[in-house]
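Since the structure comes first, as structure tokens, the remarks are kept for the end.
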Amino acid sequence: MEKKILLSSPHMSAEGYEQEYVKEAFDTNWVAPLGPNVNGFENEIAVKVGIGHAAALVSGTAAIHMALKAAGVKEGDIVLCQSLTFSATANPIIYEKAIPVFVDSDYETWNMSPKFLEEALIKYPNTKVVLVVHLYGLSADMDKIVALCKKHNVTLIEDAAESLGTTFKGRYTGTLGDYGIFSFNGNKIITTSGGGMLVSNNAERIQKVRFWSTQARNQARHYQHSELGYNYRMSNVVAGIGRGQLKVLDQRVEKKRQIYQYYKESLKDIKEIEFMPMNDWNYSNCWLTSITLKGKVTPVDLIIALEKENIESRPLWKPMHLQPFFEKYDFIGDRTSDDLFNRGLCLPSDSKMTIEEQNRVIKAIKEVFKNA
Ligand SMILES: *Cc1c(COP(=O)(O)O)cnc(C)c1O
């Protein structure tokens, strides 16, 4: 059996930057939550994406949770959430006992449809927050979404877990709304093994998130608490990995974009394959090259054929309005996301993948269509 080709796996720098920062943490005995790497990582991310403030947390999910709290979401509040996404986007809405209303995607961006967002804002005039996602590194149509949120006086949170390094009209995704979140889980474009970051230009709210995420300890000699706390802060060791990874983010984006281009060029003769939409205003990090199929071959046919060659691929995210846990909530749309889910899949886009390995994937795909 040939070597397994993965969708996206951890890729540490050739220079060993990550280990230098981790070694420093060990040498100074900062093997603890908080510490100089945490502060350094926060500052470096903020500078990189061009935002005022950042709070390093244990996961992207925790960052979404804290963003909702920072936005003042309370029990019974309406949160308009993109339906086509990973469940981690929507789960924190339930943590806060708020009510998700799922909004469909459009074919132009695969992300939240501004048309259906407007419909949802009219149907739910008391909406508290809009939670938009930038899937696979594609950016949502942020001009329209930001304008709608301003018009309706609603807080905008961007789930940029998959889009660190992606820009919309020259600005980084995650910095276009009121709050943005990034994830450093093992399969993301850069990883700390696990971790997340909340970013915002609102210094006071970021400070408050740091307070909540360190058990909400008030200033006092004894342990004093006036609010509910969480143990959500990133550790100094983990942040060291992040500082090293951030140095190679641009390289990773370039490699992922090359992978996308090479698939597109190599598979252009197969008319049944359509590639994810790349808009002029979107410089995508191409986290996962994704395609949709029309014709006889289904995503599952292709996934099984690739599996036989020891190649990992997977369907697009199954929309939240189709999930047993979430289906009781309202959904605004025309089921574009259902169609994308039924016809879509993600191809291996590992930044460590060699051209020979990518050729193996391409050959296996061509084989399926030749025999169809
Ligand atoms: C990975 C991911 C998250 C969650 O991030 P974690 O760090 O794994 O908690 C949230 N939203 C989307 C869209 C993701 O892909």
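When a ligand or atom number is given, it counts from 1 through the structure's own listing order. Everything numeric here is computed off the predicted structure, so don't read it as measured data. The analysis underlying the following values was restricted to heavy atoms, covering all of them including side chains, and did not include hydrogens, waters or symmetry mates.
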Do Lys247 and Glu44 sit within salt-bridge range, that is, some charged N less than 4.0 Å from a carboxylate O?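 Judged by the 4.0 Å cut-off on N to carboxylate O distance, Lys247 and Glu44 do not form a salt bridge.
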Pairs flagged by salt bridge (charged side-chain N to carboxylate O under 4.0 Å, His left out) wherever residues 304-323 is involved - sequence neighbours left out: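 Matches after skipping sequence neighbours: none remain.
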With ring centroids as reference points, do His134 and Phe168 lie under 6.0 angstrom apart?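 His134 vs Phe168: aromatic centres not under 6.0 Å.
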Ring centroid separation Tyr263 to Phe275 under 6.0 Å: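 Centroid separation for Tyr263 and Phe275: 6.0 Å or greater.
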Can you confirm whether the side chains of Asp141 and Thr109 place a donor and an acceptor under 3.5 Å from each other?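 No.
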Just by distance, with hydrogens left out, do Asp104 and Ser337 show a side-chain donor and acceptor under 3.5 Å apart?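 There is such a pair (donor and acceptor under 3.5 Å, judged by atom type) between the side chains of Asp104 and Ser337.
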Give the protein residues with at least one non-hydrogen atom closer than 4.0 Å to an atom of ligand 1, ordered by chain and number.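 Those residues closer than 4.0 Å to ligand 1 by some heavy atom are Ser59, Gly60, Thr61, Thr85, Phe86, Ala88, Thr89, Val133, Asp159, Ala161, Glu162, Ser183, Asn185, Lys188, Gly195.
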